[in-house]
Amino acid sequence: YLVASSSVKPAPIMFQKPPAFFFTPTWEHYHVLFTARPFLKFIGNSLIVALGSTAISLVFGSLAAYAISRIRHRRMNDVAFWILSLRMFPPITVVVPYYIIFKTAGLLDTPLALIIVYSTANIPLVVWLMKGFFDEVPSALEEAAMVDGYGILETFWRVTLPLAAPGLAVSAVFCFIFSWNEFLFALMLTGSKAQTATVAVMSFWSSDAVQWGRIMAGSFIILIPGVVFVLTCQRWLVRGLTMGSVK
């Protein structure tokens, strides 16, 4: 409510005490947001980066999780923990190496750079989430599919993955929200070309003044895609979060 109301509240009463709950809304903040800066372009960059990294993370993460779940080896738990340890790095410790790598490769200030970074961070999360769901799928179903002539990849695609669809929904929501809201890497690795919406909103914060109306308007717009994405996946998301709870 605070974000939504402040985005349409006139500047003179923004910090009025007591707060003004009844006022004539103004669309000035939204107008400035889309005219003073190409905010639609920044939203498009965020969507490209978030959807791209989510798709890549789901593909590679689910394949790795399936391998870890099905391969019986005494060192497989160590491999799984090593993958999880990649998620434990504080982002600030790797931002400078990423910057040097992408500058050398000519990928600085491109959506591809952020997609690579976010996928690197999201894949370990997907692996651990999906491994739990693949463990719940009986191996007998896969053996029956192979008896019918399916190969390993075809069995994975036609039998195992559909049964683990709730896990994909849960993983997709977490990956999308992380990629959509991330600020540090987007700030350090992008400029005017690939700037995301989260960084663009903070451009209204300067040493001279803090334009809270513009910031709130941009923040409210940034909230919308995440809410829509979660509502779209809600049926699978609820099923995925409650799977196994009855046991």
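Residue indices begin at 1 and follow the sequence shown.
Contact record, A80 with W128: O-NE1, 2.9 Å, taken as the closest heavy-atom pair. Shown here for W205 and W212, the closest heavy-atom pair between the two residues is CZ3-CH2, 3.5 Å. Taking all atoms of both residues into account, the shortest heavy-atom contact from A113 to F102 is O-CZ, 3.6 Å. Counting all heavy atoms, side chain and backbone alike, A172 lies closest to F229 at O-CE2, 3.5 Å. Scanning all heavy atoms of the two residues, the minimum distance from F134 to A164 falls at CE2-CB, 3.7 Å. Heavy atoms only, all atoms of each residue included: A197 and S46 are closest at N-OG, 2.8 Å.
Note: L107 CG to L189 CG = 10.5 Å, rounded to the nearest 0.5 Å. Atom CG of L141 is separated from atom OG1 of T160 by 8.0 Å, given to the nearest 0.5 angstrom. The structure places CZ of R214 at 13.0 Å from CZ of F34, a figure rounded to the nearest 0.5 Å. Between the CG atom of L168 and the CZ atom of F133 there is a distance of 9.0 Å, given to the nearest 0.5 Å. With rounding to the nearest 0.5 Å, the separation of CG in L86 from CZ in F81 is 10.5 Å. Atom CZ in R70 sits 10.5 Å away from atom OG1 in T155 (nearest 0.5 Å).
No continuous path of hydrophobic side-chain contacts links M188 to F42 [ILVMFWY only; heavy atoms under 4.5 Å]. Residues I83 and I71 share a hydrophobic cluster, clusters being chains of Ile/Leu/Val/Met/Phe/Trp/Tyr side chains in contact below 4.5 Å. L187 and I101 fall into different hydrophobic clusters, where Ile, Leu, Val, Met, Phe, Trp and Tyr are joined by side-chain heavy atoms under 4.5 Å apart, directly or via other members. Hydrophobic clustering places M202 together with V210 (ILVMFWY residues linked when any side-chain heavy atoms are closer than 4.5 Å, directly or through intermediates). In the hydrophobic cluster analysis, where Ile, Leu, Val, Met, Phe, Trp and Tyr join through side-chain heavy atoms closer than 4.5 angstrom, L231 is grouped apart from V170.
Between F178 and L125, the closest side-chain pair of non-hydrogen atoms is not below 4.5 Å. Side-chain contact between L33 and I221 is present, with at least one heavy-atom pair separated by less than 4.5 Å. Residues V8 and H29 fail the side-chain proximity criterion, which asks for heavy atoms closer than 4.5 Å. Counting heavy atoms from C-beta outward, F185 and V94 have side chains that approach closer than 4.5 Å. Side-chain atoms of V201 and S219, non-hydrogen and from C-beta on, do get closer than 4.5 Å to each other. In this structure, S119 and I115 have side chains that are in contact, with non-hydrogen atoms separated by less than 4.5 Å.
Alongside L2, the hydrophobic cluster contains no other residue (criterion: ILVMFWY side chains under 4.5 Å). V147 forms part of no hydrophobic cluster, judged by ILVMFWY side-chain heavy-atom separations under 4.5 Å.
Within the structure, every pair that satisfies the salt bridge (Lys or Arg N to Asp or Glu O under 4.0 Å) test and touches residues 145-154, not counting sequence neighbours, is listed here: E154-R158. Under the salt bridge (Lys or Arg N to Asp or Glu O under 4.0 Å) criterion, the residue pairs touching residues 76-105 are R75-D78, with sequence neighbours excluded.
W27 meets the ring pair (Phe, Tyr, Trp, His ring centres under 6.0 Å) test with Y30; sequence neighbours excluded. In this view, A194 and D109, P111, T190 satisfy the side chain to side chain contact (heavy atoms under 4.5 Å, CB included) rule, not counting sequence neighbours. Under the side chain to side chain contact (heavy atoms under 4.5 Å, CB included) criterion, F21 pairs with Y1, P19, sequence neighbours left out. Qualifying side-chain hydrogen bond (donor to acceptor under 3.5 Å, both in side chains) partners for S139, counting only residues two or more places apart in sequence or in other chains: none. Evaluation of the side chain to side chain contact (heavy atoms under 4.5 Å, CB included) rule for A186 yields L114, Y118, E182, T196, V199 as partners, not counting sequence neighbours. Legend: residues meeting salt bridge (Lys or Arg N to Asp or Glu O under 4.0 Å) with D135, ordered by chain and number and at least two apart, are K131. Remark: P10 engages P12, I13, F23, T26 in a side chain to side chain contact (heavy atoms under 4.5 Å, CB included) (not counting sequence neighbours).
A cation-pi contact links R37 to F204, judged by a cut-off of 6.0 Å to the six-membered ring centre and 45° from its axis.
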Report the C-alpha distance between I92 and V95 in whole Å, list the side-chain angles of each, state the deciding distance to 0.1 Å, and finish with yes or no for side-chain contact (heavy atoms from CB on, under 4.5 Å). CA-CA 5 Å; I92 194 65; V95 67; 4.2 Å; yes

Evaluate Y98 against L108 for side-chain contact (heavy atoms from CB on, under 4.5 Å), listing each step before the verdict. CA-CA 9 Å; Y98 272 134; L108 208 60; over 6 Å; no

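Within 6.0 Å of CG in L184 there are more than 12 heavy atoms belonging to other residues, nucleotides or ligands. At most 12 heavy atoms of other shown residues, nucleotides or ligands fall within 6.0 angstrom of atom CG in L153.
Formation of a donor-acceptor pair under 3.5 Å by the N122 side chain with backbone atoms of F174 is not found in this model.
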Return all side-chain donor-acceptor pairs below 3.5 angstrom for residues 48-66, not counting sequence neighbours, or 'none' if the list is empty.
from	atom 1	to	atom 2	distance (Å)
S53	OG	V49	O	2.9
S53	OG	A50	O	3.2
S53	OG	S179	OG	2.8
T54	OG1	A50	O	2.6
T54	OG1	F176	N	3.4
S57	OG	S53	O	2.7
S62	OG	L58	O	2.5
S62	OG	V59	O	3.1
Y66	OH	E142	OE1	3.3
Y66	OH	E142	OE2	3.3

